[in-house]
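Basis for what follows: all heavy atoms, side chains included, without hydrogens, waters or symmetry-related copies. Lettering follows sequence order; numbering is per chain, from 1. Please read all numbers here as calculations on a predicted model, not as lab measurements.
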Amino acid sequence: MSEEKSLNFLEEIVESDLATGKHKAILTRFPPEPNGYLHVGHAKSICLNFGLAKKYNGKTNLRFDDTNPVTEDTEYVDSIKEDIHWLGFEWENELYASDYFEQIYQFAVQLIGKGLAYVDDSSSEEIAAQKGTPTQAGTDNTFRSRSIEDNLRLFEEMRAGKYADGAKVLRAKIDMASPNMLMRDPIIYRIKHAHHHRTGDNWCIYPMYDFAHGQSDSIEKITHSICTLEFIPHRPMYEWFIEQLGIFPSKQYEFARLNMTYTVMSKRKLLQLVNDGHVNGWDDPRMPTISAMRRKGYTPESIREFCEKIGVARRENLIDIGLLEFCVREHLNRIALRRMVVFDPLKLVITSYPEAETEMFRCEDNPENPDGSYREVPFSRELYIEKDDFMEVPSKKYFRLAPGQMVRLKSAYIIKCDEVIKDENGNITELRCTHLPETKSGNDTSGIHVKGTLHWVSVAHAVHTELRLYERLFKAENVADAEGDFKENINPDSLQVIATAYAEPALKTAKFDERYQFLRKGYFCLDKDSNEEKIIFNRTVTLKDGWAKENKKVSIT
RNA sequence: UGGGUUAUGGUGUAAUGGUAGCACAACAGAUUUUGAUUCUGUUUGUCUAGGUUCGAAUCCUAGUAACCCAACCA
């Protein structure tokens, strides 16, 4: 009894196209512009394009949309390729729109020959003015009626470098009165005497998106060209060019881009965060980029699962970032190695425990994954526990340590708090406790049940580490809708560094490809800034904290 | 007073004229040597107004709201 998962609208289209024989196989493409790093919104598109092809035994090309040399760079090309691979996808061909520059140029010549394109000498302002407004038709200018011969010669001269940037453009001759602003004789070629990261100085004219994207799709025989909603008005143009050129009829389909609470998703804004130093680079773990998520400890599996869960549709959406966190917790819970780390230490002395003794306790690596794997954790007379695991005057429902109260130390003994030591200012500096030897983990013969279990680290064996705790980068749930500039909504407390935390010895040999759960605290991974002297961990995500919620309720009532 | 697109619980997403389902969130409880995980249960929805029909989220009519379009960006 398998539950059929319903298809999204694109899967329906593909199944129909395959069923009717319109296509024998499907070919999709992922078309990033190499002018920034990929973010989780791109991950949605990647999962869609590669996932759709995979599901229906098709293929996907990676094609860089590199038609604007002034903003693009190979640095971005490299990062994009790395991110796609990391997410777990393989492209059929690595291609570039710039590979087709000569072909696209010939397409333009073809259009001119048919009297469907013309060279316009107008300035950018003039062109804008002649374009009209949404409620007012545009007007034809005199260049519109240039002869085919003149247009052919002028366009050739543009290519030859005879004119300065902005002196002339090539425009498609469509309809200056179209209700669709984009159809009012769109510019298809502009002059840019700029060095291109792949074609070097071969060209000084470059095609616009609308005269490169559909053409590239067609050249590659892409069957389903999937893009976001804002390209809907471009579709008539996409189809017009393909029809006039008489080339392979790729079809464009649009879906709603991903928006997420407490974050921004536009490359422009992300670039600004980087350039203005609000974050430390594209892979700062607070960023929504793929590289940042990787550094923060997210797994490809969890991102793919997230993209699966959010679905694909054509309506605007604002996804709760909590769903992303749910997905990564779900995966990390299964694979993360359990370790104990004390963030904010309070010294605890077990007066009943021999001073010179050290016991090794066997602790499971992951209770969810009972493969028997475990590590040894040293226990001794002096330990660290978390400050907030002790309350001198416990509130209702607090079942951690308090004077006269008992708790279990995870994988060790049940202890009882006998005495609270304070300094001259009344600050608690140390706890004196006694342990119950018969409650030893695994051999508990006491029959005693305690409600609280604490993590701990032996003082003498503690490994000093740095912890980087990340919160949401923005304070506003819907950053786009929030008042003022988006930067005014940056959360000033998005990064908290704990310079010295105390970790159990097993973390001395932490590895980059492993994921850890610091018991009762959260999921962590080794940061690339770690070195011989300093071990640094990033918090991927906290554990769900039922006590924090309960505590809030208690303090309100 | 232009064109295009979209409206289903708090957030997403199904139901293709026939029991409004699923996930996250929230809430309540059970289990727990992680206040985690796991398990059980509960609350909350078809933009509005008419119409067609035995029956409408779905079809029709009229509204309303939101988003996109006037870069030599993609």
Examine B:C22: is either OP1 or OP2 under 4.0 Å from a nitrogen or oxygen in the side chain of A:Lys309? Give yes or no. no
I'd like to know if A:Glu305 pairs up with A:Lys309 as an ion pair, taking the criterion as any Lys NZ or Arg NE/NH1/NH2 lying under 4.0 Å from an Asp or Glu carboxylate oxygen. yes
Under 4.0 angstrom, heavy atoms only, what part of the nucleic acid is A:Arg268 near: base, sugar-phosphate, or nothing? nothing
Answer with yes or no whether the side chains of A:Glu75 and A:Tyr37 bring together a donor and an acceptor at under 3.5 Å. yes
Find the distance A:Leu401:CG to B:G35:P and express it as a whole number of Å. 14 Å
Scan A:Ser441 against the nucleic acid and name what it touches under 4.0 Å (heavy atoms): base, sugar-phosphate only, or nothing. base
Under 4.0 angstrom, heavy atoms only, what part of the nucleic acid is A:Glu254 near: base, sugar-phosphate, or nothing? nothing
Whole-Å C1' distance, B:C54 and B:A65: 34 Å
So A:Arg408, base contact, sugar-phosphate only, or nothing? Heavy-atom distance under 4.0 Å. base
Name the orientation class of the two ring planes belonging to A:Phe343 and A:Phe518 (parallel below 30°, tilted from 30 to 60°, perpendicular beyond 60°). perpendicular
N/O donor-acceptor pair under 3.5 Å between A:Arg375 side chain and A:Arg338 backbone: yes
Please give, in whole Å, the distance from B:G12 P to A:Arg314 CZ? 17 Å
Give the C-alpha distance, both sets of side-chain angles, the deciding distance and a yes or no for side-chain contact (heavy atoms from CB on, under 4.5 Å) between A:Leu229 and A:Glu316. CA-CA 9 Å; A:Leu229 253 29; A:Glu316 294 290 334; 4.0 Å; yes
How would you label the contact of A:Val312 with the nucleic acid (heavy atoms, under 4.0 Å): base, sugar-phosphate, or nothing? sugar-phosphate
How many Å lie between NE2 on A:His331 and P on B:U37, as a whole number? 17 Å
Within 45° of the ring axis of A:Tyr118 and under 6.0 Å from its six-membered ring centre, is that where the NZ or CZ of A:Arg146 lies? no
Which part of the nucleic acid, if any, lies within reach of A:Tyr398 when heavy atoms closer than 4.0 Å are counted: base, sugar-phosphate only, or nothing? base
A:Tyr353-A:Glu359 side chain donor-acceptor pair, cut-off 3.5 Å: yes
Which whole number of Å gives the distance between the P atom of B:U13 and that of B:U34? 37 Å
Interatomic distance where CG belongs to A:Leu519 and C1' belongs to B:U32 [whole Å]: 13 Å
Under the 3.5 Å rule, do the base of B:U38 and the side chain of A:Glu368 count as making a donor-acceptor pair? no
Take atom CD of A:Gln136 and atom P of B:G2, then tell me their distance rounded to the nearest Å. 12 Å
Checking all strands, does A:Tyr206 fall into the base, sugar-phosphate, or nothing category for heavy-atom contacts under 4.0 angstrom? nothing
Calculate the interatomic distance between A:Asp320 atom CG and B:G9 atom C1'; express it in whole Å. 14 Å
Determine the contact category for A:Gly452: base if any of its heavy atoms lies under 4.0 Å from a base atom, sugar-phosphate if only primed atoms, P, OP1 or OP2 are that close, otherwise nothing. nothing
Taking the six-membered ring where the residue is Trp, are the ring centres of A:Phe306 and A:Tyr298 under 6.0 Å apart? no
Taking atom C1' in both B:A70 and B:G3, what distance in whole Å separates the two? 12 Å
Rounding to an integer number of angstrom, what distance separates B:A49 and B:C22 when you compare their C1' atoms? 31 Å
Provide, to the nearest angstrom, the distance between the CD1 atom belonging to A:Ile415 and the C1' atom belonging to B:U33. 13 Å
With rounding to whole Å, what would you report as the distance between B:A57 and B:G21 at their C1' atoms? 13 Å
So A:Leu318, base contact, sugar-phosphate only, or nothing? Heavy-atom distance under 4.0 Å. sugar-phosphate
Using the ring of each side chain (for Trp, its six-membered ring), is A:Tyr189 parallel, tilted or perpendicular to A:Phe155, with breaks at 30° and 60°? perpendicular
A:Tyr253 OH to B:G4 P, in whole Å, measures 20 Å
Whether over 12 other heavy atoms sit under 6.0 Å from A:Lys55 NZ: yes
Per-nucleotide protein contact string for nucleotides 67-74 of chain B (B base, S sugar-phosphate only, - none; heavy atom under 4.0 Å): SSSB-BSB
Considering just the side-chain nitrogens and oxygens of A:Lys521, establish if one lies under 4.0 Å of OP1 or OP2 belonging to B:U34. no
Integer angstrom distance from the P of B:A66 to that of B:C72: 29 Å
Between B:A7 and B:C59, how far apart are the P atoms? Round to whole Å, please. 11 Å
May I ask you to say what A:Ile232 touches in the nucleic acid, namely base, sugar-phosphate or nothing, with a heavy-atom cut-off under 4.0 Å? sugar-phosphate
A:Lys168 charged N/C atom sitting above A:Tyr163 aromatic ring, 6.0 Å / 45°: yes
Regarding B:U8, can its base be found pairing with the side chain of A:Arg315 as donor and acceptor, where the two atoms are less than 3.5 Å apart? yes
What distance, rounded to whole Å, do you find between the two P atoms, one in B:U37 and one in B:C24? 11 Å
5'-to-3' dot-bracket of RNA chain B (Watson-Crick, G-U; under 3.5 angstrom; crossing pairs as [ ]; | other strand): .((((((..((((....[..)))).(((((.......)))))....(((((..]....))))))))))).....
Side-chain donor or acceptor of A:Arg329 under 3.5 Å from a matching atom on the base of B:U37? no
Does the base of B:G35 carry an N or O that pairs as donor and acceptor with the side chain of A:Arg400 under 3.5 Å? yes
How are the rings of A:Tyr516 and A:Phe537 set relative to one another: parallel (under 30°), tilted (30 to 60°) or perpendicular (over 60°)? perpendicular
Neighbour count >12 (heavy atoms, 6.0 Å) for atom NZ, A:Lys131: yes
Name the orientation of the base relative to the sugar in B:A15: syn if the glycosidic angle is within 90° of 0, else anti. anti
Looking at the side chain of A:Leu543, which of B:A25, B:A36, B:G35 is the nearest nucleotide? B:A36
Would you say B:G35 has OP1 or OP2 under 4.0 Å from some side-chain N or O of A:Arg520? yes
